[in-house]
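Okay, structure first, notes after.
Only heavy atoms go into these numbers, but all of them, side chains included; no hydrogens, no water, no symmetry mates.
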Amino acid sequence: MTWPDSALPTTYDAAATEATWYPTWTEHGVFTADPARAATREPFVIVIPPPNVTAVLHMGHGLNNTVQDVLIRWRRMAGDEALWVPGTDHAGIATQNVVEKQLAAEGKTRFDLGREPFVQRVAEFVDKTGGEILNQLKSIGASADWSRTAYTFSPELSRSVRETFVRLHEDGLVYKGHRVIHWCPRCGTSLSDEEAEFTDTNGKLYHLRYALANDASQFITVATTRPETMLGDVAVAVNPDDERYQALIGQEVILPLNGVRIPIVGDSYTDPTFGSGAVKITPAHDANDFEVGKRHQLAMPVIIDAEGFVREVEGAAGRVPAELSGLDRFAARKAIVQLLEAAGALVKIENHAHSVRHCYRCDTVVEPRLSDQWFVKMQPLADKALAALRTGELRILPERWEAVYVNWLEGIRDWNISRQIWWGHRVPVWYCESSCGETPIVSRTDVTQCPGCSGSVRQDEDVLDTWFSSWLWPFSTLGWPEKTPDLKAFYPGDVLVTAPEILFFWVARMVMSGCWFLDKAPFHTVYLHGTVRDMQHRKMSKSLGNGIDPLDVVKLYGADALRWTMVAGLGLGVDIMLDPNDLEKSFSPGRNFCTKLWNIGRFLLSRVGTDPVAPVSSLDRAQLAPADRWILERLDIAIADCDAALGPARPSTAEHWAELERGRGLRLSEYAEAARRFVWNELADWYLESIKPRLAAEGTADREVARAVLAHAFDGALRLLHPIVPFITEELWQKLPQTPQGTFLAQAAWPVHSGEPAGAGAGFEMVRESVAAIRQVRAEYNVNPGAWVDAVLVATADTQDMLALQADTVGSLARAKVRVETSNPGGAAAQVLLSGGIELVVPLAGMVDLEKEKQRLDTEIVQLDKQLTALDARLANEGFVSKAKPQVVEAERAKATEWRTRLTQLRDKRTSLGA
RNA sequence: GGGCGAAUAGCUCAGCUGGUUAGAGCACCUGUCUUACACACAGGGGGUCGGGGGUUCGAAUCCCUCUUCGCCCA
């Protein structure tokens with residue numbers, strides 16, 4: 001017979017499908033959460049790690065947002081009130097740098113423009129080009145609630161930021177400190193500890209000698225990696241327990257080059273084993289030296305300015321020789337080393353591997369610098385964040401990151417939150433311009449005159465660290481400090497998905513702010529995924545040029561192919577390798593999978609058609625063929641596997657993770673594999689093939705059963721797969737005969753166990769084994785693939801009926817004319833022993849190679865005999881039988897019995913073939 | 001310098017609280033354009049689980065140690 005043309009085109013058109021469904025979903029508000037509904041549905045909330053407002057989508061975003069979308073779509077289908085809050089970060093330093101670069105191209109600096117016009121210009125730039133990344137996220141299918149799109153620098157979020165600063169000040173946790181901080185001379189701002197990244201560097205260790213003041217013939221040698229700072233030295237420190245130097249403590253040395261007299265002090269900070277055991281102390285240019293300087297009440301001359309040039313900046317009169325003044329710090333290093341050598345003060349230069357801090361935004365070497373900055377006292381906040389993890393209110397996956405989190409929090413240091421840039425939230429502090437004695441005014445609202453003397457005020461020049469707004473993201477986006485319905489319904493959220501790189505920058509700080517301001521951790525699960533790397537395991541980056549543009553992949557293979565490839569390869573916390581030079585190779589798994597799904601859909605629509613199908617629950621169980629029961633059981637198992645891989649979605653009891661389930665769930669690759677196995681290896685490879693004859697039997701009741709079961713099984717598969725490949729599954733689902741008009745798969749119910757009894761598929765397993773055996777024989781004997789062979793299934797009393805029922809199915813799947821008999825017909829034939837005592841006999845008239853058959857049996861006998869011998873030895877071992885768990889021993893005994901029977905049968909068969 | 005992780009098939013990885021005849025995908029080999037699908041189907045080869053010690057009736061799995069690689073922190 002001829003089949004009607006499929007309702008579907010022969011190839012899947014990803015672009016057209018994506019262009020259809022995304023706008024349709026958004027028009028119907030599929031992604032929009034409603035706090036009113038959260039009364040009857042469990043809310044499930046994810047906040048996006050806000051990309052920089054000027055960012056362009058890269059593979060890391062692709063991975064991060066695909067994971068979030070998988071989770072949010074899963075929960076949406078599972079009946080939760082799912083909310084995914086999208087938005088962007090104003091990214092203070094990064095964004096300012098972008099605009100400064102534009103200005104540089106025009107030959108200008110931000111100072112040429114002045115503060116107000118510059119901020120204006122950045123704002124315009126952001127308005128015009130910013131947030132494009134959110135549109136790019138739509139093209140990979142991100143089902144975020146765009147009606148709630150947030151921005152860290154919006155008026156609403158700015159209000160949260162100011163509230164936070166003021167409240168922390170009221171709590172006594174914000175203070176202004178004078179100390180050595182990390183300074184980026186290129187960005188012209190201070191940085192937090194986290195923003196000054198370590199880079200391993202092969203540097204030099206310079207050994208300098210300073211002459212004693214009272215005896216110029218004696219020297220003390222100090223070792224330093226930064227000789228240029230010697231102009232600002234105020235002491236030489238030695239360990240008070242170091243016998244070599246004890247006598248020198250209290251004496252003075254004379255600095256070469258500038259002749260300044262400085263004392264030798266004893267301080268246990270000095271490590272006697274490092275270098276010469278004596279170190280120079282430059283309090284204004286080294287954080288440790290600053291502490292030593294404070295302990296000994298030493299002066300703190302500043303000899304390097306904000307731009308990184310050596311000169312007498314503060315308290316340094318007479319310290320910088322004229323010929324060195326104005327030199328860049330690195331040029332000054334060279335010059336000073338030469339001068340020291342000429343002066344005989346350079347003892348030696350050694351190679352020295354050490355770590356040098358660099359600005360995380362522009363990679364400039366960071367300069368430690370003495371300055372006034374705003375700090376947050378972190379210890380009280382950290383205590384709460386630690387408690388959240390310890391009580392199980394919070395968990396981190398993979399669990400090994402929990403130790404890293406704890407370690408950081410236990411050693412927490414105060415957070416420098418002020419930045420000397422212009423793009424960001426201005427510090428809400430004002431100072432009286434007269435000297436009326438009014439202390440700095442910290443205010444929620446703008447201050448225009450001094451509350452003390454009514455005189456004029458000026459606002460603090462600094463802006464706040466970008467992360468000081470991002471750390472509020474889980475609640476600032478919901479309207480905090482207002483008590484909004486959103487805040488009430490959707491805080492605390494559920495899962496935070498991000499990369500481990502920003503565990504400290506962002507994740508730990510969000511936990512701290514959430515616990516401090518709202519008394520609850522902002523989420524119960526932190527999911528840290530791996531990094532996208534190239535085939536040499538290098539992180540994809542702009543500078544290496546080894547990146548992949550996700551939009552290129554979407555264009556070439558579709559968003560679903562991109563998503564599938566990433567999710568399928570996403571072991572928990574494991575890096576994902578992709579080849580930027582071979583997109584085809586990298587993404588063909590996703591593309592191939594989509595094609596397979598598409599073709600299953602085409603088959604189904606052409607054979608099942610669009611006429612109504614009966615719900616599976618309405619079918620008479622007696623009508624179900626073994627294959628039907630098998631695939632229904634397999635679907636149940638697939639559902640259970642997917643659920644087990646993904647869940648639990650939240651702590652199942654109270655609000656704390658129980659120890660047993662703490663490490664469970666979010667195994668995305670396992671989920672993908674379970675769904676793939678079902679739809680491809682079970683539904684397509686076996687069920688669909690086995691029912692082809694039934695679907696061809698027009699007008700029969702059995703055809704209706706097969707139609708119903710196939711439609712149901714594919715429907716279940718599409719539901720399971722939708723979170724990973726939303727577009728193609730929606731497109732196919734809409735075409736299924738049983739899909740209700742006007743509904744979306746994106747909102748359809750997550751499948752649940754159908755109640756098929758365990759073992760329901762056992763009958764069909766006989767079919768699968770028989771078919772596999774016949775195919776194997778055919779391949780071994782090189783039977784023409786198109787040719788039909790004869791096959792006899794020798795049944796036992798138990799299996800006779802079942803086999804008779806399925807002989808035709810076996811035949812059609814294996815291209816064999818199958819007879820079921822009760823005794824072995826003998827003769828020249830290929831023979832295979834199946835499980836349950838069933839034998840397969842394939843006569844293969846004239847083709848059977850007796851030697852080959854003997855060989856095959858011999859191989860199998862030898863192997864089985866070896867295994868059985870080992871098993872028997874184990875069972876004969878007194879230690880095993882007495883110490884192993886009874887169930888294990890029992891299982892091994894059963895196995896031994898089975899193997900022994902099989903071995904006997906194999907030997908009989910072998911004997912019958914002769915020597 | 002401290003901490004953590006990884007090392008299993010050519011590649012990317014599963015293998016969770018010790019008991020499997022060590023698995024998957026890709027790659028490879030042999031067939032097949034069998035009217036859903038060659039982006040596919042059928043069949044097949046390939047691993048002394050990084051080295052060495054130990055615990056145990058039993059170790060890829062637990063402990064120690066070494067080697068190599070990676071990450072985080074100072």
For the side chain of A:Arg676, counting heavy atoms from C-beta on, which of B:C71, B:C72, B:G25 is nearest?
-> B:G25
Tell me whether the OP1 or OP2 atom of B:C41 has a side-chain N or O from A:Lys596 closer than 4.0 Å.
-> yes
Would you please name every residue forming a side-chain hydrogen bond (donor to acceptor under 3.5 Å, both in side chains) with A:Asn239, sequence neighbours left out?
-> none
What residues, two or more places apart in sequence or in another chain, satisfy side-chain hydrogen bond (donor to acceptor under 3.5 Å, both in side chains) together with A:Asp286?
-> none
Can you tell which of B:C71, B:A24, B:G43 lies closest to the side chain of A:Glu673?
-> B:A24
Evaluate the ring planes of A:Trp686 and A:Phe764, with Trp represented by its six-membered ring, and classify them as parallel (under 30°), tilted (30 to 60°) or perpendicular (over 60°).
-> perpendicular
Walking RNA chain B from its 5' end, the first of A:Gln776 and A:Met577 to be reached, judged by nearest nucleotide, is A:Met577
May I ask you to evaluate whether A:Gln887 reaches the phosphate of B:G19, defined as a side-chain N or O under 4.0 Å from OP1 or OP2?
-> no
Does the side chain of A:Lys895 get closer than 4.0 angstrom to OP1 or OP2 of B:U21 through an N or O atom?
-> yes
If a protein heavy atom is under 4.0 Å from the base, mark B; if only from the sugar-phosphate, S; if neither, -; do that for nucleotides 26-34 of chain B going 5' to 3'.
-> -----SS--
Keeping to residues at least two apart or across chains, list the side-chain hydrogen bond (donor to acceptor under 3.5 Å, both in side chains) pairs with something in residues 559-569 of chain A.
-> A:Asp69-A:Arg563
Only counting residues at least two apart or in another chain, list the ones meeting side-chain hydrogen bond (donor to acceptor under 3.5 Å, both in side chains) with A:Asn681.
-> A:Arg676, A:Asp685
For RNA chain B, what dot-bracket results from Watson-Crick or G-U pairs at under 3.5 Å, with [ ] for crossers and | for inter-strand partners?
-> (((((((..((((.....[...)))).(((((.......))))).....(((((..]....)))))))))))).
